[in-house]
Amino acid sequence: MCVVTTSLTSLLLGYDVGIMSAALPLMRDSLDLTSVQVGVIAGGLNFIAGVGSVPFGILADWLGRRTSMVWACVVFATGTVMMSASTDFLVLLIARAAMGLGVGATFVIAPVYLSELVPPEVRGALVCCFDICINVGILLGFVGGYLIDTGISAPADFKWRLMIGVGALPPIVIAFAAQFLPRSPRWLVSHGLLSEAEYALSRVIPDAKHVAEEIDSMTHAALQESSASYSQVLFPRTKSMRRALHITLGLSILQQITGSEAAILFTPMILRGAGVTSTSTQLLWALPVGVAKLIGELISVPLLDKVGRRPLLIAGGLMQFVCLLSLAVGFVQKWHWHFLIFIISGFMLSFEIGAPIAWLMPSEVYNSGSRGRAQSISVTVNRVVSGLILVSFPIILEWVGPPMVFGTFAGLALFSVVWYNLVIPETAGLSLEEITTLLREESFGHLSEASQFAAGIRSHSVGARLNKPPRLFVSRSTARPRGYGTLQWAAARESKLKEEGGNLAVPVRPRRTRSDPTFPGTPAHGGSLRL
């Protein structure tokens, strides 16, 4: 129930994206909107969602995840009712602002709440149910828009109001159901409420011994953490926080920079540019795009904890590059619009192969004291980038044409693949506390088998390759293994002794740093540092 109810909050944005593709043309004619106003209405929600995530990030760390989620649903429902009753552009804008606040809040709270509640071995799949519901909402919006447009004999003004007004029902249901959810145990521990945290976790994990071990781990981590302000998250002083910020900002930007939401929202416009003039036909052929997006998600989520995060990001980025380049060529060669729909559907499927990780990983790489604020920063950047693309897409599409637009998106997709390969670590199967430790100790892109073995971590969910000890790195100039006496050497030794009960230390190659006082030859040892 926790996963289903929390994930349904993302249905709000999904339905809005899907239904707006059908409602925008009717709304434009009914209220006599200009192209710029249409772009502002389409992208304005994302701008406000970015801004709205900031206060709700503070609220999530102050009032708790569950209470903040209820308030977010109330704000979104209020905005939806206002929008369905709008009579001019100004009222539409105010209503979209309220809806944006609600969307931004749910995008901050839901992934954080789920990541703090579910076990690490299934965290990827369960947290990304949140993203699945976005795609379910998009598909429902497409279907609902088509059925209302073709199945109801009513003026266009009534049709678009009905399309949007139906969106007020889900947040009301979610706000009611959220009253029965457990509170976040990690949030409770960070606020000193240990008995309540144990009770909340026992509602998810029936094993009392396992619950006690998890509470002890959370308590130990909370003693080493402190609540971080936005300035501390944005201008970090520690190595782990700097790397977490780099990962968060990069994923948030690159997820949206290939124009996926623009392709969904403006599919009817793209089809019109390809020669399809019938509104009902445009809405009907937008359905395969929504179905492909959902299929991509259903393929990706089960693989998150089996294959890992990095392979899916890289594979999805390469597939996006191929589809976007094919789409640009298709418009140049004037392929039939059926082929263009097929390519757009392939693009949406490939986008969803790695898209859930942009919501999952920012909630993994931060400690509980800064997780809410960090997630709000992630949502802010993600929604602002999406809003910029949505506002500018119809204008640029008419100005430079589809080939140039989709060719540019293809180049950005290729860049994202390079960045994923260089920067993103593998976090599948690790607890949130272990991820923080590894970010502090290792380099970008190198949280691999050697790192995990050195820290005594065994991941059984990302394949047998992580369950094998790394090869030994022995210095040629000495009989002692390289890194002898370091913290990593000690961790490897302790892990090996626990597993085999022997005396053999299994060293791994350390990363030499000036801050490691146990490394022979560092200034702390009174020697000169030679790298």
Side-chain angles (χ1 to χ4, degrees), residues 13-14 16-28 33-50 89 92-93 96 99-100 103 134 138 141-142 145 252-276 279 282-283 285-286 289-290 292-293 320-321 323-332 337 340-341 343-348 350-352 355 358 381-413 415-416:
L13 175 66
D16 180 81
V17 171
I19 205 66
M20 284 297 285
S21 67
L24 270 177
L26 303 177
M27 189 187 304
R28 180 175 187 170
L33 301 178
T34 65
S35 297
V36 175
Q37 289 175 330
V38 169
V40 170
I41 293 298
L45 181 141
N46 291 289
F47 282 117
I48 302 300
F89 175 72
L92 274 177
L93 201 58
R96 292 295 279 178
M99 294 172 68
V103 167
I134 295 179
I138 290 173
F142 279 151
S252 300
I253 294 170
L254 294 177
Q255 189 211 41
Q256 292 298 325
I257 207 167
T258 55
S260 60
E261 284 195 22
I264 280 284
L265 193 59
F266 294 106
T267 295
M269 179 182 291
I270 296 171
L271 289 176
R272 186 164 61 249
V276 181
T279 302
Q282 293 170 6
L283 295 177
W285 283 96
V289 179
K293 198 170 188 292
Q320 287 183 70
F321 168 71
C323 290
L324 288 166
L325 190 61
S326 300
L327 196 58
V329 173
F331 274 102
V332 171
W337 60 270
L340 298 181
I341 282 292
I343 296 172
I344 294 174
S345 300
F347 166 56
M348 298 314 304
S350 60
F351 167 78
E352 286 300 332
V381 174
N382 184 279
R383 293 296 88 197
V384 167
V385 173
S386 176
L388 286 171
I389 292 175
L390 287 176
V391 169
S392 60
F393 185 82
I395 301 170
I396 297 176
L397 194 65
E398 294 180 2
W399 182 34
V400 300
M404 182 65 70
V405 171
F406 291 112
T408 303
F409 285 152
L412 293 171
F415 169 78
S416 70

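Reckoned from all heavy atoms, side chains included, excluding hydrogens, waters and symmetry mates. Model, not experiment: these values are computed from the prediction.
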Participant: Walk me through whether Leu254 and Phe415 qualify under side-chain contact (heavy atoms from CB on, under 4.5 Å).
Facilitator: CA-CA 9 Å; Leu254 294 177; Phe415 169 78; 4.0 Å; yes
Participant: For the residue pair Val103 and Asp16, establish whether any side-chain heavy-atom pair is separated by less than 4.5 Å.
Facilitator: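 Counting from C-beta outward, Val103 and Asp16 never come under 4.5 Å.
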Participant: Between atom CG of Leu26 and atom CE of Met20, what is the distance when rounded to the nearest 0.5 Å?
Facilitator: 11.0 Å
Participant: Report the residues that fulfil side chain to side chain contact (heavy atoms under 4.5 Å, CB included) with Val400, sequence neighbours left out, ordered by chain and then residue number.
Facilitator: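 With sequence neighbours excluded, Val400 shows a side chain to side chain contact (heavy atoms under 4.5 Å, CB included) to Ile396, Met404, Val405, given in chain and number order.
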Participant: Measuring from atom CD1 of Ile389 to atom OG of Ser260, what distance do you get when rounded to the nearest 0.5 angstrom?
Facilitator: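 Atom-to-atom, Ile389:CD1 and Ser260:OG are 7.5 Å apart.
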Participant: Check Ala410 against Leu325 and note the closest heavy-atom contact, atom names and distance.
Facilitator: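 It is CB-N, 3.7 Å.
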Participant: Would you say Gln37's side chain and Thr34's backbone share a donor-acceptor pair under 3.5 angstrom?
Facilitator: yes
Participant: Look at the aromatic rings of Phe409 and Phe406 and report parallel, tilted or perpendicular, splitting at 30° and 60°.
Facilitator: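 Taking Phe406 first and then Phe409, their aromatic rings stand perpendicular (interplane angle over 60°).
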Participant: Can you name the nearest heavy-atom pair linking Leu24 to Val38, along with the distance?
Facilitator: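 The pair with the smallest heavy-atom distance is CD2-CG1, 4.0 Å.
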Participant: To check you understand the geometry: which heavy-atom pair defines the closest contact between Ala355 and Gln255, and what is its length?
Facilitator: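 The pair with the smallest heavy-atom distance is O-NE2, 3.1 Å.
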Participant: For Ser386, what residues pass the side-chain hydrogen bond (donor to acceptor under 3.5 Å, both in side chains) criterion, not counting sequence neighbours?
Facilitator: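 Partners of Ser386 by the side-chain hydrogen bond (donor to acceptor under 3.5 Å, both in side chains) criterion, ordered by chain and then number, come out as Glu261.
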Participant: Which atom names give the shortest non-hydrogen contact between Gly145 and Ala22, and what distance separates them?
Facilitator: CA-CB, 3.8 Å
Participant: Under a 3.5 Å cutoff, is there a donor and acceptor pairing between the side chains of Gln320 and Ser350?
Facilitator: no
Participant: Does the side chain of Ile341 reach to within under 4.5 Å of the side chain of Trp337, using non-hydrogen atoms?
Facilitator: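 Yes, their side chains come closer than 4.5 Å.
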Participant: Quick one: pull up CD1 in Ile138 and NZ in Lys293 and give me the separation to the nearest 0.5 Å.
Facilitator: 4.0 Å
Participant: Please name the pair of heavy atoms, one in Ala413 and one in Ser416, separated by the smallest distance, quoted to 0.1 Å.
Facilitator: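 Heavy-atom minimum between the residues: O-OG, 2.5 Å.
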Participant: To the nearest 0.5 Å, what is the distance between CG on Leu412 and CD1 on Ile257?
Facilitator: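 Spacing of CG (Leu412) from CD1 (Ile257) equals 4.5 Å.
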Participant: For residues Pro403 and Ala328, report the shortest heavy-atom separation together with the two atoms involved.
Facilitator: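 Between these two residues, the closest heavy atoms are O-CB, 3.5 Å.
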Participant: Starting at CZ of Arg28, measure out to CG of Leu33 and round the result to the nearest 0.5 Å.
Facilitator: 8.0 Å
Participant: So, taking the atom named CZ in Phe347 and the one named CG in Leu327, what distance separates them when rounded to the nearest 0.5 Å?
Facilitator: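 Reported value, rounded in 0.5 Å steps: 8.5 Å.
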